[in-house]
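Shown next, in structure tokens, is the structure this report addresses.
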Amino acid sequence: MGFAAEKSFRLLNMYERLNKGERLYKQSLADAYGVSLKTVQRDMDDLRAYIAELHGDEAEMTLTYDRAGNCYTLVRQEREWMTNEEALALCKILLESRAFPKQELSRLVEKLIAQIAPADRAVAEELIRNEMFNYIPPHHGKALLAPIWELSRYIVAHQMIAFDYTRQDGKKSRRVMKPVGILFSEFYFYCIAFDGADKTDYPIVFRIDRMEHVEPTGERFAVPYKDRFQDGEFRKRIQFMYMGPLRRVTFEYTGVLEAMLDKVPTAKVIAQKDGVYTITAESYGDGILMWLGAQGNKVQNIRS
């Protein structure tokens, strides 16, 4: 290998290691590549110049030298690089959600852990090792990442889709729908869609793991739902994942108010007396009535 090739290899190898979050030490680099400390310094100067030219004045990424540790590190802005704390928090959320089969969950967690600085990965791995070992996946056992992405493409393209759907009671049917959104709630991902023949004017909810043989029909649909379908507002009213028209309910509540407001984003306190809150809320279908009924004596005088 010639001089130029050797230098190219060193630069590429060092850049790759820095990108992985490694701390590179001068003497260790000199020993590993069989070069002098001055050569290592020149290599780092070349890398610093390349990074500065690549990222411009925004300084999204900078090569820094830590004099105390006598090592080089690649520092990224937070908007580009995930911090240790962020990666660990996302791992915890994924594990708690129990949304994915174990194989997909393992891949996702591994990729998140890879975002953590190498020196700190052992700490994160230790914190989640027991949860990974005892992880209980959803019983359907279906892969989800590919179907979610496929449906997302149809939603963005406003493509009508046809698919086979298996209900909870085992009954199967072929459906033609206009997909408009994907949501996650309590273990499952859902596709939100409107009837392909416009038989109803409210959204219908389908569990993605129960959808099979999804394919575009070749028809595109307009989105005349601006007045009745706004993604953020819609999400607040579909959290119970039941089909049906939009309904407003009023009830009295004596439990922990914060928990109620977090569970029902559309809930508003319209009166309060002696620890009893009168609350009004909106939701699609009967799911909210079923949930309120399950709250025992904390909920009274439900009216809709």
Side-chain angles (χ1 to χ4, degrees), residues 16-22 76 78-157 159 161-175 177 179-193 204-216 231 235 238-242:
E16 182 180 6
R17 292 170 64 184
L18 287 165
N19 256 317
K20 292 178 180 179
E22 289 189 41
R76 304 169 186 265
E78 286 192 4
R79 67 186 178 90
E80 181 183 354
W81 191 252
M82 189 175 293
T83 66
N84 295 354
E85 298 86 349
E86 291 165 346
L88 180 60
L90 288 175
C91 286
K92 289 285 188 176
I93 291 171
L94 280 172
L95 286 160
E96 183 64 26
S97 72
R98 292 183 52 210
F100 295 98
K102 194 161 188 176
Q103 184 176 7
E104 287 190 334
L105 184 280
S106 297
R107 290 204 307 269
L108 289 170
V109 169
E110 286 174 5
K111 290 178 179 179
L112 284 170
I113 292 295
Q115 303 302 309
I116 295 175
D120 299 320
R121 286 176 195 164
V123 175
E125 289 170 348
E126 178 65 27
L127 287 170
I128 66 172
R129 181 178 291 112
N130 187 58
E131 290 180 81
M132 283 292 298
F133 181 78
N134 291 292
Y135 178 73
I136 301 176
H139 289 289
H140 60 71
K142 301 284 186 65
L144 292 168
L145 293 175
I148 289 171
W149 180 250
E150 181 184 24
L151 286 168
S152 298
R153 295 178 64 182
Y154 296 144
I155 290 167
V156 171
Q159 288 186 305
I161 59 173
F163 56 91
D164 296 325
Y165 191 71
T166 305
R167 300 192 323 190
Q168 187 173 357
D169 60 8
K171 184 177 179 180
K172 295 186 178 182
S173 61
R174 187 70 175 171
R175 307 298 299 267
M177 305 297 297
V180 294
I182 293 174
L183 299 179
F184 173 78
S185 178
E186 296 181 344
F187 313 119
Y188 306 117
F189 285 93
Y190 296 87
C191 176
I192 314 302
I204 302 174
V205 181
F206 298 94
R207 262 180 50 182
I208 292 178
D209 60 278
R210 292 178 176 170
M211 299 170 67
E212 295 181 311
H213 310 119
V214 179
E215 58 186 10
D231 193 61
R235 288 173 183 269
I238 199 67
Q239 73 273 25
F240 298 104
M241 298 301 160
Y242 277 82

Side chains of Tyr154 and Glu150, donor plus acceptor under 3.5 Å: yes
More than 12 heavy atoms of other residues, nucleotides or ligands under 6.0 Å from [atom1] of [X]: is that the case?
X	atom1	value
Lys111	NZ	no
Arg107	CZ	yes
Glu131	CD	yes

Would you name the heavy atoms of [X] and [Y] that are closest together and state the gap between them?
X	Y	answer
Leu95	Tyr135	O-CE1, 3.6 Å
Met132	Val109	SD-CG2, 4.2 Å
Ala143	Pro101	CA-CG, 4.1 Å
Ile113	Glu125	CG2-OE2, 3.8 Å
Phe184	Ala99	CE1-CB, 3.3 Å
Gln159	Pro179	O-CD, 3.3 Å

To the nearest 0.5 Å, how far apart are [atom1] in [X] and [atom2] in [Y]?
X	Y	atom1	atom2	value
Ile148	Ile155	CD1	CD1	10.5 Å
His139	Phe187	NE2	CZ	9.5 Å
Leu105	Glu110	CG	CD	10.0 Å
Leu94	Leu112	CG	CG	6.0 Å
Leu90	Leu108	CG	CG	10.5 Å
Ile192	Leu183	CD1	CG	4.5 Å

Would you check if [X] and [Y] make a side-chain contact, meaning some heavy-atom pair closer than 4.5 Å?
X	Y	result
Val123	Asn84	no
Glu212	Lys142	yes
Ser152	Ile182	yes
Met211	Pro147	no
Arg174	His213	yes
Lys172	Asp164	no
Arg207	Gln168	no

Ring geometry between Phe163 and Phe206 (parallel below 30°, tilted from 30 to 60°, perpendicular above 60°): perpendicular
cation_pi(Arg175, Tyr165) dist<6.0 Å, angle<=45: no
Under 3.5 Å: donor-acceptor pair, side chain of Arg210, backbone of Arg167: no
Check: Lys102 side chain, Gly141 main-chain N or O, donor-acceptor pair, under 3.5 Å: no
